[in-house]
Amino acid sequence: MRPGPACGARGAEPETWGNTTVTGPAYARDMTAAPSAPSAPSAPAPDGLGTAGALGELTGFRVGVTAHRRATDFIAALQRRGAQVVHAPALMISPVAEDTRVVEDTRTMLAHRPGIVVVTTAYGLRRWFEAADAAGLGEDLRDAFRAARVIARGAKARGQVLSLELEDAEVSEDERTSSVVDRLLADGVAGARVAVQLHGLTDELQLERLVAAGAQVDTVSPYRWLSADDGERLPALVREVCERRLDVLTFTAAPAVDSLFSTAQELGRYEDLVAALRTDVTAAAVGPVCAGPLLEAGVEPLVPERFRLGALVRAVCTHAVEECTLVVATRHGTLRLMSTGAALEDRFVPLSDAQVAVLRALAAHPGAVVSRGLLLSAVPGLETEHALEMVISRLRRVLPAPLVATVIKRGYRLDP
């Protein structure tokens, strides 16, 4: 047996939304909507967001998604691996047509002719040039880039520089703005004009470091973060986390973490939220910048080695399989316990929260008798032996093999 922690531990009652009890196959839903039908398998998505088998690595797990941009691809990748997905977008990027600031920033930057240009995101750089082209400033901006020393925060930003047919850019070692600034300060920036492309969340500390070293700094904001919440989904997501009803909560942008924390504070649930993320609900961040606000709150997030969406999906899968799945060898085949059900060999059976808790307590001691008192304590809200007997009776009916045996006057055992 290979034990794993009970990711997303839950209470006695199955999850209910309106008139719908969530125990079926994977689906993606908004926090305020009824479940949609299961998605059919689809072709591989970009960035390594490929397909998985019928019983995927995330079958039996619930994953929260706070992303807005590229959320469709991200959710589809999780679904193909069997996950139940709860989507509550925290922030969205302002529409290009409504964001005139980038043109004003570009005119100021062009007037100052910077000797150094810092590029922080590929998406931001692309939007910057799209806005500049639309305003008739595209060629002037290209000339400014060609005349300057260009430093990219990461490989994707560098790739975007090359795709715009500009000269190759230097790249920081760990894809952090602070590393770019470290390199510039080591080379000396006193008297230099530096243009910094912002990425929705201004890193004031790094700008202050440049100014303190004698640089003259211009900033360009190709996009801004706006609230994507309708006033209901983020509060509902906070409650899901606080009640340990998710296994993993994913973040693809640092401002989304701040937005969720702010919502929790308004609800008076901030301490509960952070406590859950430190214990039963795993936070997963796409990269170190995104992980920053979580680390500041004392939450150690899961971060993939490559800071890409596909790598984040793979990291979540690995975590679920290796850390959150209880595996027991039985005479009927390998039994795997997840947070929303169990799989015997390749057959997955959705279970209620109480059934999962009882089966997990039995699986922790395969072949040994587990007393009724211990089983009652394993399921919060389950108070009587009669209630326990009902849970076990229903559990036996849905399991594909006779795994739970009664030991008269002593309790129950998992019969391996």
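Since the structure is predicted, the reported quantities are computational estimates derived from the model, not experimental observations.
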Checklist entry - Can you check whether Val117 reaches Gln197 side chain to side chain, under 4.5 Å on heavy atoms? => result no
Item to check | Residue pair Glu345 / Thr334, side-chain heavy-atom distance below 4.5 Å | outcome: yes
Next on the checklist: Under the rule for ring pair (Phe, Tyr, Trp, His ring centres under 6.0 Å), what residues qualify as partners of Tyr270, not counting sequence neighbours?
Outcome noted: Phe261
Restricting to side chain to side chain contact (heavy atoms under 4.5 Å, CB included), what partner residues turn up for [X], sequence neighbours left out?
X	result
Thr108	His112, Asp218
Val356	Leu351
Glu167	none
Asp346	Leu55

Next on the checklist: Once side chain to side chain donor-acceptor pair (under 3.5 Å) is applied, what residue pairs with a partner in residues 396-405 remain, sequence neighbours excluded?
Outcome noted: Ser393-Arg397, Arg396-Thr406
Checklist entry - Counting heavy atoms not belonging to Arg410, are there more than 12 under 6.0 Å from its CZ? => result no
Among all residues two or more places apart in sequence or in another chain, which pass the side-chain hydrogen bond (donor to acceptor under 3.5 Å, both in side chains) test with [X]?
X	result
Thr250	none
Ser172	none
Ser163	Gln160

Item to check | Criterion side chain to side chain contact (heavy atoms under 4.5 Å, CB included) against Phe74, the qualifying member of Val65, Val63, Val286, Val85 | outcome: Val65
Next on the checklist: Under the criterion side-chain contact (heavy atoms from CB on, under 4.5 Å), I'd like the reasoning laid out for Val407 against Tyr412: C-alpha separation, chi angles, the key distance, then a yes or no.
Outcome noted: CA-CA 5 Å; Val407 181; Tyr412 301 90; over 6 Å; no
With a 3.5 Å cut-off and sequence neighbours excluded, list the donor-acceptor pairs that the side chains of residues 183-190 form with protein atoms.
residue: Arg183; atom: NH1; partner: Glu170; partner atom: OE1; Å: 3.0
residue: Arg183; atom: NH2; partner: Val171; partner atom: O; Å: 3.1
residue: Asp187; atom: OD2; partner: Arg149; partner atom: NH1; Å: 3.1
residue: Asp187; atom: OD2; partner: Arg149; partner atom: NH2; Å: 2.7

Item to check | Step-by-step side-chain contact (heavy atoms from CB on, under 4.5 Å) determination, Gln84 to Thr340 | outcome: CA-CA 9 Å; Gln84 293 181 2; Thr340 69; 4.3 Å; yes
